[in-house]
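Scroll down for the structure; my scribbles are underneath it.
Below, read A as the first sequence line, B as the second, and so on, with proteins coming before strands; counting in each chain starts at 1.
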4 protein chains.
Amino acid sequence: MALKSGDKYAAILEAAQTVIARQGYHSAQISKIAAEAGVAAGTVYLYFKNKPDLLVSLFRERLGMLIEGARTSLTDARDAREKLRHFISQHLRSLAARRELAVVTQIEMRQADSSVQHEISQIMKGYFRVIDEIIEEGQASGLFRRSVEPLQIRNLVFGTIDQTVTAWVLSGFKFDLEALAEPTFALITGGLCITSEGGTQKHGDSGAA
Amino acid sequence: MALKSGDKYAAILEAAQTVIARQGYHSAQISKIAAEAGVAAGTVYLYFKNKPDLLVSLFRERLGMLIEGARTSLTDARDAREKLRHFISQHLRSLAARRELAVVTQIEMRQADSSVQHEISQIMKGYFRVIDEIIEEGQASGLFRRSVEPLQIRNLVFGTIDQTVTAWVLSGFKFDLEALAEPTFALITGGLCITSEGGTQKHGDSGAA
Amino acid sequence: MALKSGDKYAAILEAAQTVIARQGYHSAQISKIAAEAGVAAGTVYLYFKNKPDLLVSLFRERLGMLIEGARTSLTDARDAREKLRHFISQHLRSLAARRELAVVTQIEMRQADSSVQHEISQIMKGYFRVIDEIIEEGQASGLFRRSVEPLQIRNLVFGTIDQTVTAWVLSGFKFDLEALAEPTFALITGGLCITSEGGTQKHGDSGAA
Amino acid sequence: MALKSGDKYAAILEAAQTVIARQGYHSAQISKIAAEAGVAAGTVYLYFKNKPDLLVSLFRERLGMLIEGARTSLTDARDAREKLRHFISQHLRSLAARRELAVVTQIEMRQADSSVQHEISQIMKGYFRVIDEIIEEGQASGLFRRSVEPLQIRNLVFGTIDQTVTAWVLSGFKFDLEALAEPTFALITGGLCITSEGGTQKHGDSGAA
DNA sequence: AATGAATGAGGATTCATTCAT
DNA sequence: GATGAATGAATCCTCATTCAT
């Protein structure tokens, strides 16, 4: 077995993504994926242990790519605030350029059963780590408010961009996802409220953690 | 068929929620749900057209309850900002008090196939409407920044609280969900950044949309 | 589920025996057995846990019948020697009258995989017990030689009749199986050799356990 | 193809025996056998037509060895009775010294499908011939009773030793197989019953065939 | 209305065998 | 002669749904 080395490994992953995006998670039989990849069904099992392994591998490979892109985008940002801006921008740009992948990650893969979901959760931790590092730096440098738990900040950041991409996919890609990067960044960092006493910013911060 | 009038209708929905929460979406067979409800499997089909109909009905009924609770919580709020505070608080409190339901909505139901997901999306619109009304009022009254599209504000609000509840469920209910209401509200309204020029608050607003 | 009570349980067992005897163990798919029984394939699983369970149940039911027949045949035998005669006779007569069953037990079921074989071995113990009781009585009463371990006597008795039935099946039922009862009994009890000092009969017996 | 001449032919047969004994018949894939033999899977097909051919060849080769050993052991026996004694002794000794082979012949190979079984039956004829010759000589010389068909005597002799070896294997080699040779011989030749009228020895012989 | 026995469609996976190198 | 990557046929089992009672 050409352990991941052959082009067939990548071809099968690509075929899986295509078939899942096109036909939906529950219609993505191994036979269809194999046909899309131009190999026999049995060949899939030379490269993947079983179907869950194929799906998890697909997710891992693609998320790895996103993580790498995210980390790269952070290198030339001067502070946590800029890093967050780049991170959001990079996330939306990456998926805007990969509609098929967006359908798979936002919609179809979420239908996977619990065992696959559990693996996916583990893989997601790598992505969360990138966010968490930005948050930590931001709080340490005093740019980000310390009155809120880092985990809850992560929920804000990830929840918002995740929901944004999902809405974009469900809309049928009807709006410009990349263009949402800057407003979303402004919203997250500056807050929804305009007033000087926006949020409980002043008193909240002085009193807590 | 006693159109939804019998107590069996409610009993079957309750049983569905219990079984799905306990065994997971993919192990929630009609036969188990019927047994939990104390009826025969065939009886389920006297009250529901088919399994997707049962699942969608469950989601609709429960979300209707959440919407009602949300709307009620808004009545004595004096402005959009307070309404948002109440909304977030009510959302987290409702699910904190219904762990079984939280498991079902945040984890298990998301494994449903695309047809059910589509119905659920439609039902969610009713919940989004509550959020959207608050946003509209907030922007109209000048409390919420107008430089960001209402839809994107909704993504921020809903994405954040949805991700928060999901994280709570996945953690095994290890933290106090309700207690997150105020910090989350502060974060959303006041923004992540501390500095007076937090976000692009000042200039961003004057320049955009 | 009509736990074994319905006639379908028996019908499926009978169909399994027929299909296995006709098509061979490895061609006996559940679908064929179900068709032979006049039920849908899924119905088989209302009565049996899985395919191995069906096969083991068939063997258990049929061997139970043989054991019952064997025990019944022993009731009016006055001593162990007569019991052995009846046992051999009954064994050969039972299978001579059930060619389909003979094919299944002697040829086809032996192709079952190890898990089924292990279950079958357990079931066989009930049949061996009948033989062992005869042997014990025979040795206790002094009719059977005590110089040979009971287990080895069982190997002689069972090995001989088992091989006899197998040879009969493989021959295509070309000879009268029942007619072999008496000569086989004579051979087993009286020994192959004619001479008075046949075997180590005299000295062997006086010396050993 | 070096028709059976290469050492790979023997190596593959040996590997097949080892793998079947270790993993069981149904887990003995060609790929595993090839790996055990230190060759590629495709190489097996340079020496054997297909898998059944490999299995049959293994059986033929090993049984040929047993037959040769049996015939050799008979050379210095002075009469049929002694030949039978040597035969039984040789059979048990051969397998006692080859546990791997015993597992294969007594347990695993019997799971082979009908086509292989049929071939094996043919091969067994060579072994039966050795037994039959002893029986013929014994009956001709008056040592063995003539009242029982030679075939049935063969069933007695072979059935008993076959069952004995099988019981030994199933017990996990828990007893001394070789030590059973003499008691088994005594049992077969002298008969199970002690009394002077043991079996139907006297009258049976004068009356029949 | 209620029952629950019966139905039957649908798909992942293994492994003997081939053949280009 | 030797390799081993690729092939693709073949089958058990689950469970939503029906319908005779």
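Q111(B) places no side-chain N or O within 3.5 Å of a backbone atom of Q111(A) that could act as its donor or acceptor partner. No donor-acceptor pair under 3.5 Å is formed between the side chain of Q23(D) and the backbone N or O of T18(D). Between the side chain of R110(D) and the main chain of T105(D), a donor-acceptor pair closer than 3.5 Å is present. Counting only distance, with no hydrogens or angles, the side chain of K32(C) and the backbone of V19(C) share no donor-acceptor pair below 3.5 Å. Remark: side-chain polar atoms of S57(B) are paired, donor with acceptor, to backbone N or O of D53(B) under 3.5 angstrom. With hydrogens and angles disregarded, no donor-acceptor distance shorter than 3.5 Å links the side chain of E108(C) to the backbone of V103(C).
The two residues Y45(D) and I30(D) make their nearest non-hydrogen contact at OH-CG1, 3.9 Å. Closest approach of L58(D) to A16(D), counting heavy atoms only: CD2-CB, 4.2 Å. Taking all atoms of both residues into account, the shortest heavy-atom contact from I20(B) to A28(B) is CG1-CB, 3.6 Å. Here the closest heavy-atom approach between residue S31(B) and residue A41(B) is recorded as CA-CB, 4.4 Å.
Atom pair Y9(A):OH and dA6(F):P shows a separation of 15 Å (rounding to whole Å applied). L46(A) places its CG atom 8 Å from the P atom of dA5(F), with the value rounded to the nearest Å. Atom NZ in K8(C) sits roughly 11 Å away from atom C1' in dT7(E) (whole-Å rounding). Rounded to whole Å, the distance from CZ on F48(B) to C1' on dA2(E) is 16 Å. Rounded to a whole Å, the CD atom of Q29(D) is 16 Å from the C1' atom of dG4(F). As rounded to whole Å, 14 Å separates atom P of dT3(F) from atom CD1 of I30(D). As a whole-Å value, the separation of Y47(D) OH from dT17(E) P is 18 Å. Computed from coordinates, the I12(C) CD1 to dT7(E) P distance equals 9 Å when rounded to whole Å.
Within residues 31-40 of chain D, the residues approached by DNA chain F to less than 4.0 Å at the level of any non-hydrogen atom are V39(D), A40(D), in residue-number order. A heavy-atom distance below 4.0 Å to DNA chain F is reached by none of the residues of residues 16-27 of chain A.
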Identify all pairs in which a protein N or O lies below 3.5 Å from an N or O of nucleotides 19-21 of chain F, and state each distance.
none

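Every residue two or more places apart in sequence or in another chain that forms a side chain to side chain contact (heavy atoms under 4.5 Å, CB included) with E119(C) is listed here: V56(C), R60(C). For S121(D), the side chain to side chain contact (heavy atoms under 4.5 Å, CB included) partners at least two apart in sequence or on another chain are L170(C).
Projected onto DNA chain F by closest heavy-atom contact, P52(B) and T43(A) fall at different nucleotides, the more 5' of which corresponds to T43(A).
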Report task. Decide yes or no on salt bridge (charged side-chain N to carboxylate O under 4.0 Å, His left out) for E36(D) and R22(D), but give the supporting numbers first. Result -> CA-CA 11 Å; E36(D) 176 77 24; R22(D) 188 204 302 141; 2.7 Å; yes
Report task. Go through the steps to decide whether M124(A) and I120(A) satisfy the test side chain to side chain contact (heavy atoms under 4.5 Å, CB included), and finish with yes or no. Result -> CA-CA 6 Å; M124(A) 281 302 294; I120(A) 286 179; 4.3 Å; yes
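Using a 4.0 Å cut-off, no side-chain N or O of K51(B) falls inside it from OP1 or OP2 of dC15(F).
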Query - Watson-Crick and G-U pairing of DNA chain F, under 3.5 Å, as dot-bracket with | and [ ] - result: .||||||||||||||||||||
